[in-house]
Engineer: 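Here's a structure for you.
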Amino acid sequence: MIIEAIKQAQRVLIIGHPRPDGDCIGAGLTVWHICKKHGKLVDFACDSPAPSHFSFVPNFEACFTEPSGVYDLAIAVDCADDLRVGKYIGYFKKARVSINIDHHRTNNRFAAHNFVFPEASSTCEVLFDLLYETGEIDADCAYWLMVGLSTDTGHFMHSNTTPHTFEVAQKLTAFGLELNKISDYLYKNNTREKTKLIARAIESMRFFADGKICLITIMDSDLAECGCVLSDTEGLIDYGMMIGSVDVAVCITEQKNAFKASFRSKTVDVAAAATVFGGGGHQKAAGCTVCGKYEDVVRKVVKSITDGMSF
Ligand code: 5GP
Ligand code: MN
C-alpha cells in the first residue's frame, strides 16, 4: 500500500520527530530515497536542528528541508503521536493521504493509514518488513535501515532485539554493508567537546531509591561551558545505565521554562512514568517534557518512577 501511495503522489512529505535519532533519520531517508527513485518531489522535515553526529549518514542534509504548500502524501516515521510530529502537524493533516509508520506501543494511530508494530525493534525494522518483498530496498536503503536497527537496539543489546531483528540485520548486511564502518561512525566518533560533557554528566549524577535511580542533569551552562549543543546530550543517559545497581536512569536537560526528561530502565515501566507528564515511548526507553523549577521537576520525576517500582 505504501509503494502504491507513493506511486500515485506527486509531492510527498516525510516527517520525523524533534531531536531526530538514528531510527527516525534511517527510516525517513529510506522512504525519501524510494520516493526519489519513483521521480517524486519529496521533502523530509524534522522539527529540530540537524544533529551533527549523524552527518556521516549519506544524504543527511535531506532531513532538514522546509515544507511548503499542500502534499499529496505525508508519511510520519518513528512518531508515536501527533505531538511528536511537532510544528509540521498542519502539513501532515492537510495532505490528501497520510501514513504513520512506527513501533511505539503508545502510538495513537493519528494518520489515515497506520503501520504500527510495537513488537518491532525499530521503525527501520517495520519499514524493512513492509518493503523487503516489494524489491524497493537497495544497498543505500540497507545502510540507513541498519543505522536505525543498530541505534534503537543499543547495537543489538536492548530487550527489543529479537531473532527477527537479527534476520533483518542479516538481510541488510547481505547488501554488502561494512558494519564495522557504520559502528565506528555511530559509537567511536565523539568530539572532544562531547567527551567533556560526558564528564559533566557523570559528575552531576544523583541517586535515589537506594541507588536504583540515577539522575543526570545537564543545564544550558554545561552545554555552553563544554562547547556543546543540545543534540550532544544523546547517549549521556547510558552512563547511568552502566552502573550495576541502577535500574532506572533519567537525564534531565534544561529547556526554555521546562526540562526534557529521558528515561531508560532495566525492569521498571518508564513509559508509564513519562505518560504522567504527557510524554511516552517504550517500557524501557521513554521521554517527556516537565515544566517547573529544577528541584520540583526532580521530585516529580523521581516520584513518577518510584510509583511504578515494587520494593
Ligand atoms: P529519548 O530519551 O532518546 O529522547 O527517547 C526515548 C524514547 O522515548 C523514544 O522512543 C522516543 O520516541 C520517546 N520519547 C522521547 N521524548 C518523548 C516525548 O516527549 N513524547 C513521547 N510521546 N515520546 C517521547
Ligand atoms: Mn524508534
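Indexing begins at 1, ligand by ligand and atom by atom, following the structure's order.
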Engineer: Counting only heavy atoms from other residues, nucleotides and ligands, does the tally under 6.0 Å from CG of N180 exceed 12?
Structural biologist: yes
Engineer: Please confirm whether K260 comes under 4.0 Å of ligand 1, counting heavy atoms of the residue only.
Structural biologist: yes
Engineer: Output yes when the distance from some N or O of ligand 1 to some N or O of R84 is under 3.5 Å, and no in every other case.
Structural biologist: yes
Engineer: Show the nearest heavy-atom pair for residues I237 and C251, with the distance to one decimal.
Structural biologist: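 The answer is CD1-N, 3.7 Å.
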Engineer: Could you check whether any heavy atom of E234 sits closer than 4.0 Å to an atom of ligand 1, since that is the contact criterion I want to use?
Structural biologist: no
Engineer: Using heavy atoms and a 4.0 Å limit, tell me yes or no: is D81 in contact with ligand 1?
Structural biologist: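 So D81 counts as touching ligand 1.
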Engineer: Distance check, rounded to the nearest 0.5 Å: E254 atom CD versus D222 atom CG?
Structural biologist: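 Output value for this atom pair is 9.0 Å.
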Engineer: Do the non-hydrogen side-chain atoms of I243 and F207 ever get within less than 4.5 Å of each other?
Structural biologist: yes
Engineer: Only heavy atoms of R264, strictly under 4.0 Å: list the atoms of ligand 1 that pass.
Structural biologist: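 Atoms satisfying the 4.0 Å criterion: 1 (P), 2 (O), 3 (O), 6 (C).
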Engineer: Kindly report the NE2-the Mn ion (ligand 2)-OD1 angle for H103 and D78 respectively, rounded to 10°.
Structural biologist: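 Vertex the Mn ion (ligand 2), arms to NE2 of H103 and OD1 of D78: 90°.
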Engineer: Pairs of nitrogen or oxygen atoms closer than 3.5 Å, one from F263 and one from ligand 1: do any exist?
Structural biologist: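 No, there is no polar N/O contact under 3.5 Å.
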Engineer: Is it the side chain, the backbone, both or neither of H282 that has a heavy atom closer than 4.0 Å to ligand 1?
Structural biologist: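 Answer for H282: side chain.
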Engineer: Below 4.0 angstrom from a heavy atom of S262, which ligand 1 atoms are there? Numbered from 1 as shown, please.
Structural biologist: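 It comes down to these atoms of ligand 1: 1 (P), 2 (O), 4 (O).
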Engineer: Among all protein heavy atoms in this structure, tell me which lies nearest to atom 17 (C) of ligand 1, with the distance rounded to 0.1 Å.
Structural biologist: G287 O, 3.3 Å
Engineer: Among all protein heavy atoms in this structure, tell me which lies nearest to atom 10 (O) of ligand 1, with the distance rounded to 0.1 Å.
Structural biologist: H104 NE2, 2.9 Å
Engineer: Are I2 and W144 grouped together when hydrophobic residues (ILVMFWY) are joined by side-chain heavy atoms under 4.5 angstrom apart?
Structural biologist: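 Cluster IDs for I2 and W144 match.
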Engineer: Quick one: do F64 and V85 end up in the same hydrophobic cluster if we chain Ile, Leu, Val, Met, Phe, Trp and Tyr together by side-chain heavy atoms under 4.5 Å apart?
Structural biologist: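 Per the 4.5 Å side-chain linkage, F64 and V85 are not co-clustered.
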Engineer: Does D152 put an N, O or S atom under 2.8 Å from the Mn ion (ligand 2)?
Structural biologist: yes
Engineer: In this structure, which one of K171, H164, Q170 forms a side chain to side chain donor-acceptor pair (under 3.5 Å) with E167?
Structural biologist: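 Filter result, single survivor: H164.
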Engineer: Does D23 bring an N, O or S atom to under 2.8 Å of the Mn ion (ligand 2)?
Structural biologist: yes
Engineer: Among A271, A285, G280, C288, whose heavy atom sits nearest atom 7 (C) of ligand 1?
Structural biologist: A285
Engineer: With heavy-atom distances below 4.5 Å as the criterion, would you say the side chains of I34 and C141 are in contact?
Structural biologist: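 In contact.
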Engineer: Could you tell me the separation between the OG1 atom of T195 and the CG atom of L197, rounded to the nearest 0.5 Å?
Structural biologist: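 Those atoms lie 9.5 Å apart.
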